[in-house]
Every structure is written in C-alpha cells, then in structure tokens.
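Heads up: the structure comes next, in structure tokens.
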Amino acid sequence: MAHGAIVGINWGDEGKGRMVDLLTEQYDVVVRYQGGGNAGHTVVNDKGTFALHLLPSGIFRPEVINILGNGVAVDCENLLKEMQEVEQKGVPLEPSHFMISERASLVLPWHRDLDALEEARLADRKFGSTKQGIAPFYADKAAKKTIMAGELLYPEHLRNHVEQLVEWKNLTLTKVYGAPATTTEEVLSWLKQYAEPLKPYIRNTAKVLREADRAGKKILFEAQLGALRDLDLGIHPYTTSSNSLAAYAPVGSGFPAVHIKDVLGVVKAYSSCVGEGPFTCEWFGDQAEALRKAGNEYGAKTGRPRRVGPIDLVATRYGVDAQGATAIALTKLDVLSYLDEIPVVERYRIHGDETNEFPFPELLNDAEPVETILPGWKQDISGCRTWDDLPQAAKDYVLYLEKAIDCPIRYVSVGPEREAIILR
Ligand code: GDP
C-alpha cells in the first residue's frame with residue numbers, strides 16, 4: 001500500500017496537525033518518528049480544540065493505530081498529562097489504539113534541568129530552547145545513556161541501570177553546573193509515578209508496523225517541526241536535536257525498509273518562527289503585529305509571540321527539496337485576506353549579490369530579503385470550499401507560489417476547522 005508522510009517545509013508550526021487530522025481518514029496507522037513535547041500541533045475538530053505535543057494526531061479517530069516510534073523523546077510526565085486532558089474531552093486511549101515503542105527513550109527530570117542550566121549559563125547567547133530537555137536528551141541518546149521505555153518491564157535491570165546513570169549524570173550536574181545531585185531513589189520514584197502508568201502501552205511497535213504493512217494497511221508518518229529545524233540540514237545551530245526530515249521516518253519509526261510514496265509538505269501562506277536564529281523574511285513593528293494577530297501566531301506550547309513575515313520562497317524551495325515533498329498543503333491562506341498587497345520573499349541579497357539558493361547557515365546572518373509584491377484579494381475567503389470559490393487574486397497567489405517552489409499545491413486551507421480546506 002502507499003504509505004505517506006506529513007512534514008513541515010519551513011520552521012515548524014505550518015499546520016501539520018490539522019493536515020494529519022484530516023488525512024488520517026485515509027490511513028490505518030499514524031506514527032510519530034522524532035522529536036518530543038517541545039513543539040505542538042493544534043487540532044480543531046468536533047471534540048474540541050487540542051494542543052497536542054506528543055500524542056500522534058490520529059488519536060481522534062478510534063479506528064486508527066497511533067504509535068510513538070523509537071525516534072521520539074518520550075516525556076512521561078507531559079505525556080500522561082496530555083493523555084488525561086484528551087481522555088477528559090471524551091477521546092479514549094486504549095493500548096490497542098495507542099502504543100509506545102519499547103525502543104523509545106525516556107526524557108528524565110535531569111534533561112529538563114540541564115536544559116535550563118545551560119540556557120542560564122549561555123545567558124544572552126542562548127538558543128531560545130523551550131527547556132523541555134530535548135537537546136540534553138538527544139545528546140544522551142547518542143551517548144547511549146538513556147533509558148528505553150522497554151526497560152520499565154524489567155525492574156531489576158532498571159534499578160541497576162538507573163544507578164549507573166545517576167552516578168554518571170551527577171558528575172555533570174554538580175561539577176559542571178554546581179547544581180544539586182540526584183539519587184537513584186529519586187529517579188526510581190519519579191519513574192514509578194510517571195512512567196509506570198505508561199507500561200500497558202509499551203510494545204514492539206516495529207513489529208506492529210511490519211505486520212500492518214504486510215496486511216495491506218496504510219501508514220502515515222507524522223513529523224514535528226520543519227525542514228529548517230532538522231539537525232543535519234537545518235539552520236544549525238538553531239535547529240532541533242533530531243531529524244525532522246521525511247527520510248528519517250523509516251528509521252525513527254522502527255521500519256527502516258518501508259517505502260514512503262507520498263510526502264506531503266506543509267507550507268504556511270506566510271512565515272512564522274519560534275525562538276532565536278536567523279529569519280531573513282522577518283517583519284517588525286506594526287506590520288508584524290498585524291500579521292501575528294491575523295494568524296494568531298502564539299506558541300502552542302509556550303504561548304510566546306512567534307516571529308512572523310511573508311512567505312520566503314528561497315527557504316521554502318530548500319525545504320521542499322530537503323523533504324523530497326511530492327505535494328504541498330498550503331495552510332492559512334485566509335489569514336492574508338486583510339492585506340492590500342502581499343509581499344513574498346523572492347531572493348536573498350548577500351554581500352551585494354542576489355541569490356535564489358538557500359545559503360550555508362552562517363551566511364544567513366548577512367542575508368537581506370528581496371521581495372516581490374503580489375496583489376491582495378481583500379475579502380473573506382474562509383467560507384470557500386472549492387478552487388473556483390476563491391477570488392482570482394487568491395488563486396494567482398497560490399499559482400505563483402506553486403511555480404516558484406516547483407511542487408504541486410494539492411490542498412489549500414482557509415480556516416482551522418476540518419472542513420475549511422480546498423482540494424485541487
Ligand atoms: P503544526 O505544529 O504544524 O500543526 O502547527 P500549529 O499547531 O501552529 O497549527 C497552526 C495553527 O493554525 C493552529 O492553531 C490551527 O488550528 C490553525 N490553522 C491551521 N490551518 C489554518 C487555516 O487554514 N486558517 C486559519 N485561520 N488557521 C489555521
């Protein structure tokens with residue numbers, strides 16, 4: 001069967017959550033393959049509005065199997081909270097329908113502490129971490145110093161492993177940062193409180209995926225953040241600490257041989273970015289405030305105002321290539337309805353030369369945007385449901401983007417609701 005992935009093309013927050021929620025109808029399994037609870041998807045459906053951080057967005061459809069793959073950073077404390085919130089709103093979470101890979105590693109309390117300690121040490125040179133412990137977590141994972149979810153099923157082994165990790169981690173906590181030491185008992189009691197309740201959900205999910213594939217079921221791979229935040233190909237060092245690219249989905253989900261045929265890249269009709277780092281298309285002052293308000297651009301996790309600007313065609317083309325996107329979903333087109341004219345960033349000017357190519361990260365600090373101005377449509381398009389319902393200027397805007405990024409725009413969304421979408 002044709003498996004698919006939904007990935008971000010830009011800096012994240014492109015509206016992937018709503019696309020997964022919409023497209024899960026066509027899939028039997030949804031897998032998260034990287035990242036942790038450090039970003040969020042907002043999903044609006046008939047059950048309410050949900051800010052999902054760790055749960056896969058297919059969770060609202062009980063017939064879909066939802067998996068947190070081995071590449072995910074499982075923050076038990078936040079996951080439990082999120083599971084409770086979702087259940088309270090009437091979405092059941094049964095182990096037959098929600099599963100955690102036995103090979104997914106657990107974010108431990110010291111990861112969050114270390115994130116905060118390091119940002120404090122960096123002071124004004126900080127990276128704008130969400131302080132969810134993601135960078136220290138993935139660093140430890142690469143150093144083979146994390147606890148995998150499956151270890152919870154072997155308590156004797158777990159105690160020994162925790163003991164060794166505590167001895168090692170206390171060196172960093174106390175000698176590097178001068179922070180208080182932790183103890184094995186503290187960590188074990190934290191695991192008892194927050195990780196034990198997750199035990200029924202822990203499975204060999206790689207096997208579940210292979211069996212689903214063999215049975216002809218369709219699998220959807222769901223990314224967190226966008227191409228420009230990818231650890232390897234993003235705007236280093238202002239990236240996340242995992243790989244948000246579709247190419248990583250097979251590994252991060254435990255099914256390395258899977259073939260992903262459809263890679264749907266999600267692009268917002270304008271740009272937004274959370275945290276520090278170069279953001280060439282950025283608007284400031286009243287211009288930014290108006291767009292931020294129109295698009296309600298405040299972080300799903302932190303509530304902090306996002307940086308905003310017009311769509312950046314240089315960065316978007318790069319993201320499309322990096323993701324190997326086969327089609328695009330353009331979201332939030334309705335947000336631009338207030339503008340008389342709509343600027344798009346066509347090229348960058350770097351040291352006097354203009355370029356279409358997304359440059360090496362260091363050069364981004366010197367890049368200035370070169371804009372083209374397109375006409376606005378100045379009317380409410382949130383009720384449009386077909387391509388022909390859209391005013392000509394809105395169609396022209398979409399067609400202009402499509403040509404510039406050289407990838408077919410299959411979906412255009414004009415509102416947060418499930419049905420506020422145009423299929424081309
Ligand atoms: P994600 O992490 O990529 O899913 O992005 P976000 O959680 O930031 O989602 C984007 C936000 O925009 C959410 O609040 C959505 O409900 C909302 N949204 C998604 N699509 C549209 C749209 O077409 N129009 C409007 N006005 N809002 C949208």
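Just follow the structure's listing: the first ligand is 1, and inside any ligand the first atom is 1. Atoms considered below: every heavy atom in the structure, side chains included; atoms not considered: hydrogens, waters and symmetry mates.
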Inset, instruction - Would you indicate which of K268, E14, M19, K332 comes nearest to atom 12 (O) of ligand 1 when only heavy atoms are counted? - result: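 Looking at heavy atoms only, K332 sits closest to atom 12 (O) of ligand 1.
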
Is [X] in polar range of ligand 1, meaning some N or O pair under 3.5 Å apart?
X	result
D334	yes
G415	yes
G17	yes
V44	no

Legend entry - Donor-acceptor contact below 3.5 Å, side chain K145 vs main chain A139: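 No.
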
Legend entry - Atoms in ligand 1 with a heavy atom of S413 nearer than 4.0 Å: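 Here the atoms of ligand 1 in question are 20 (N), 21 (C), 22 (C), 23 (O).
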
Could you tabulate the donor-acceptor pairs under 3.5 Å formed by side-chain atoms of residues 200-210, not counting sequence neighbours?
residue: Y201; atom: OH; partner: L93; partner atom: O; Å: 3.1
residue: N204; atom: OD1; partner: A206; partner atom: N; Å: 3.3
residue: N204; atom: OD1; partner: K207; partner atom: N; Å: 3.2

Legend entry - Where at least one partner belongs to residues 309-334, residue pairs that pass ring-ring contact (aromatic ring centres under 6.0 Å, His included), sequence neighbours excluded: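 Listed once each, the pairs are Y318-F358.
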
Legend entry - Non-hydrogen atom of R306 closer than 4.0 Å to ligand 1: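 Yes, R306 has a heavy atom closer than 4.0 Å to ligand 1.
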
Legend entry - Spacing of Y270 atom OH and E297 atom CD [to the nearest 0.5 Å]: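 Here the interatomic distance stands at 3.5 Å.
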
Inset, instruction - Hey, can you tell me if Y33 and Y248 have their rings parallel, tilted or perpendicular (30° and 60° cut-offs)? - result: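 Rings of Y33 and Y248: tilted, as their planes differ by 30° to 60°.
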
Legend entry - Sidechain N-carboxylate O distance under 4.0 Å for E211, R214: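 The answer is no: the pair does not qualify as a salt bridge.
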
Inset, instruction - Between V266 and ligand 1, find which residue part has any heavy-atom pair under 4.0 Å and reply side chain, backbone, both or neither. - result: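 No part of V266 is near ligand 1 at this cut-off.
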
